[in-house]
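Right, one structure below, let's go through it.
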Protein chains: 2
Amino acid sequence: MAIDINIPAVCNCTKLRRAQRHITRLYDTCLAESGAGLRATQFSILGYLKTEGPKTMMELAELMTMDRATIGHNLRPLERDSLVRIAVSETDRRARIVSITDEGLSRLEIGKPGWAKAQAEFERQFGAENAKLMRDMMDDVAGISFSFH
Amino acid sequence: MAIDINIPAVCNCTKLRRAQRHITRLYDTCLAESGAGLRATQFSILGYLKTEGPKTMMELAELMTMDRATIGHNLRPLERDSLVRIAVSETDRRARIVSITDEGLSRLEIGKPGWAKAQAEFERQFGAENAKLMRDMMDDVAGISFSFH
DNA sequence: TCATTTTAGTCTTATATGCCCTTAATTGCA
DNA sequence: TGCAATTAAGGGCATATAAGACTAAAATGA
């Protein structure tokens, strides 16, 4: 008889998603306490835009390994609150250039202590070296080109 | 002057969430191809219920490191499609006992080849040993008791 | 040039996630 | 015993995520 393996115990996706929920709650809680009114994903998007400069939605989606439709949806509240500006590209009118506004930069600063607190608390418990190993491992995972079909 | 660190590059939450999106797409795609009509989270919930037996929503939430409300929301489509049964506990009428139905077990079986394909593809590219390391690391992350406030 | 194909982004729909507040039930304690 | 505090779950709200269909614009190629 075929031994029925314990799928949840060995599923790489299940484990990764579970850890993601846990760490997101930590960062979201600290971010909320900072009063910036930003969620983890929003903080990431603004952080990327600050660091990398203006980007098209496609570029942003690729940078974050995110679906292009998802980026569009996630930008909606940020644009509504004037934290990002979305303009039609002059060189390709299909593309939209997303850039962070002064208000967005200001919100990032307000949220930074909250982020730093979460980052410090995580590394205090998990270890800074382990955290670095994890980030590198996550980069490797996100970098895989899966062959579908 | 304070050196402006590149937050997205060192943020543990950002890295983990990004990898999670990527691996979820792999598993969701393979699961969809299998024709089970299950998403990654649904496959996990049913897998846990099959392996661990009936659970209250609280227990299920704790098992999956998921918010109590989230479990409730995620069970909705599963209950609607008769993949799980939700009954009031006889010993505590506040609690709801969730159990997998025969239809749920059947769907799990239908999805299993899709899951196995995703699991195999991931480990082919990432390495089975690295995958095991990652799962253990993710367990460690999910097991941390963060001190809030 | 102009028709075909490809590409960027949107809209719709569905699930995923977690917060706050409320309701109902249980537990603990005076 | 009786009431306060606690606990389990539901409802409402907002964001997160992505597939699929669609629109518009650009690139391609005969």
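Convention: sequence-line order gives letters A, B, ...; per-chain numbering from 1.
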Salt bridge (Lys or Arg N to Asp or Glu O under 4.0 Å) pairs touching residues 135-144 of chain B, sequence neighbours excluded, are K15(A)-D139(B), R18(A)-D139(B), E123(B)-R135(B), K132(B)-D136(B)
In whole angstroms, the gap separating C1' of dT17(D) from CD1 of I23(B) amounts to 16 Å
Contacts of F126(A) meeting ring pair (Phe, Tyr, Trp, His ring centres under 6.0 Å) (sequence neighbours excluded), chain-then-number -> F122(A)
By salt bridge (charged side-chain N to carboxylate O under 4.0 Å, His left out), E52(B) pairs with (sequence neighbours left out) none
Separation of dA18(D) atom C1' from R21(B) atom CZ, nearest Å, is 11 Å
R76(B) meets the side chain to side chain contact (heavy atoms under 4.5 Å, CB included) criterion, sequence neighbours left out, with H73(B)
Contacts of S82(B) meeting side chain to side chain contact (heavy atoms under 4.5 Å, CB included) (sequence neighbours excluded), chain-then-number -> none
- Message: Counting only side-chain nitrogens and oxygens, does R93(A) get under 4.0 Å of the OP1 or OP2 atom of dA26(D)?
- Response: yes
Separation of dA18(D) atom P from I71(A) atom CD1, nearest Å, is 10 Å
Test side-chain contact (heavy atoms from CB on, under 4.5 Å), reference K55(A), set E59(A), M58(A), M57(A), output is E59(A)
5'-most to 3'-most nt of DNA chain C touching chain A (<4.0 Å, heavy-atom partner on protein side) reads dT7(C) to dC19(C)
K55(B) NZ to dA8(D) P, in whole Å, measures 15 Å
Sequence neighbours excluded, the answer for side chain to side chain contact (heavy atoms under 4.5 Å, CB included) partners of I97(B) is P54(B), T56(B), S89(B)
The contact string for nucleotides 9-15 of chain D, one letter per nucleotide 5' to 3', using protein heavy atoms under 4.0 Å with B, S and - for base, sugar-phosphate only and none, comes out as SSSBB-S
Across all chains, not counting sequence neighbours, the side chain to side chain contact (heavy atoms under 4.5 Å, CB included) partners of R85(B) are S99(B), T101(B)
